[in-house]
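Below is one structure; the comments refer to it alone.
Keep in mind it's a predicted model, so treat the numbers as computed, not measured. Just so you know, ligand 1 is whichever comes first in the structure, and atom 1 is the first atom listed for that ligand. Numbering starts at 1 and runs along the sequence shown.
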Amino acid sequence: MDLLAGPCSAESWEQVNQTAKFLKKLGVGWFRAGIWKPRSGPGQFQGKGTEALDWIETASKEYQLNSMVEIYKGEQVETVTQKGVKGIWIGARTTTNPFLVEEICEGLAGSSLDVFIKNPLAPDFKLWKGTIERVLESDHQGKIHLIHRGFATYAQSGFRNSPLWDLPLAMKKEFPKLKMYCDPSHIAGRREFIPTLCHLALNLEFDGLMVEVHPEPSKALSDSQQQLNFSQFEDLVSNLKTPAKEFQEDDSLTHVRETLAQLDQTILDLIGKRKQLVREISKHKKQHNLSLYSHEQFKKMLSIWRESSNKDTFDAEEAERLYRLLHSFSLEWQAQSLQD
Ligand code: PEP
Ligand code: MN
């Protein structure tokens, strides 16, 4: 299992040097640090640029780590290669844009840098596959690897980016010769979730992990909520060596399992009844030539769900996620019944 780790952004020589020195002791192979940071909003820290390449290279040589940075332009291939960088990653926002990817491929001609391709922001299988194919078909001479960093969603979910594991697993099947890494930091958005995501990724046979580590995450200039401090990363690595025991079902859970199965049946019956009502509504809409979707109605129902959530069981955010899911089914059922 390969470990790629380092701060979200290179912030100072001390931070880079201290982190690289620590990571080497834990068996990390690739030292990652962002120098050009794609930030969602204006006015945020956008990285230290080429100045930081010197810090990264000096530290990586000193501690014999392979260095990797994110690039978003073809011309940056030469800049980073001249400084001795060993790998680049194409970030989620760049993978999304075929023009930028083509330009990067031109820059990669003849290069032996390792290229790590993150998934695009949206769960668009063809777009990610297309970027991989573009790099494979280019004159790039080095290795190619993939990184699963989750997918952006509007509706709040527990994670910053939803993992949608089926998609990276299908991509792994599509390109069995390429290593697939998991970036739990950008999936989680919160450091508490990182150990669970790492275990899950390894159980799903990912080839390794890319984890953000910072000497003092609360002072980090980017992604401070999701970076691990040194002792948290050390704990993570030692727990990965002794994975949790495979879950074994025993008799003590039989009763709970039976109750769960009955509850699930009740839920399915109720959703079935709801589906019938939804179809009635859509027939009415069809007869009166009304549009299927009413945003007013959607907002009204959403607030009913949020308000009737019960803090002891689930909160308003969870109620909203459930309602959005159910509502997306309702729309499908209404569309189907128009065809009846
Ligand atoms: C990063 O790795 O720091 C980064 C910006 O990643 P992503 O492209 O996955 O958002
Ligand atoms: Mn980051």
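Aromatic rings from His145 and Trp89 are positioned such that their centres are separated by 6.0 Å or more.
Between OD2 of Asp223 and NE2 of His186, the angle at the Mn ion (ligand 2) works out to 90°, rounded to 10 degrees.
Between Ser67 and Glu57, the side chains place a donor N or O and an acceptor N or O closer than 3.5 Å (distance only, hydrogens not considered). A donor and an acceptor atom, one from each side chain of Asp223 and His214, are nowhere located under 3.5 Å apart. For the residue pair Glu280 and Gln276, no side-chain donor N or O sits within less than 3.5 Å of a side-chain acceptor on the partner.
Look at Arg32 and you'll find a heavy atom under 4.0 Å from some atom of ligand 1.
Atom 7 (P) of ligand 1 has its nearest heavy-atom neighbour, among His148, Lys118, Arg160, in Lys118.
At a 4.0 Å heavy-atom cut-off, ligand 1 does not touch Met210 at all.
At a 3.5 angstrom cut-off on N or O pairs, Lys37 counts as close to ligand 1. Considering backbone and side-chain N/O atoms, Gly91 never comes within less than 3.5 Å of an N/O atom of ligand 1.
Atom 9 (O) of ligand 1 has its closest protein heavy atom at Arg149 NE, 2.6 Å. Protein heavy atom closest to atom 8 (O) of ligand 1, with residue, atom name and distance, is Ala92 N, 2.8 Å. Remark: minimum distance from atom 5 (C) of ligand 1 to any protein heavy atom is reached at Glu70 OE1, 3.5 Å. The protein heavy atom nearest to atom 4 (C) of ligand 1 is His186 NE2, 3.5 Å.
The aromatic rings of Phe298 and His295 lie parallel to each other, with less than 30° between the two planes, well short of the 60° mark. Ring orientation note: the planes of Trp30 and Phe116 are nearly perpendicular, at an angle over 60° on the 30°/60° scale.
Nearest to the Mn ion (ligand 2), among the N, O or S atoms that Glu212 has, is OE2.
Across all non-hydrogen atoms, the minimal contact from Val237 to Leu26 is CG1-O, 4.2 Å.
Contact atoms of ligand 1 toward Glu212: 3 (O) (distance under 4.0 Å to a heavy atom of the residue).
Within a 6.0 Å sphere centred on CD of Gln44, heavy atoms belonging to other residues, nucleotides or ligands number more than 12.
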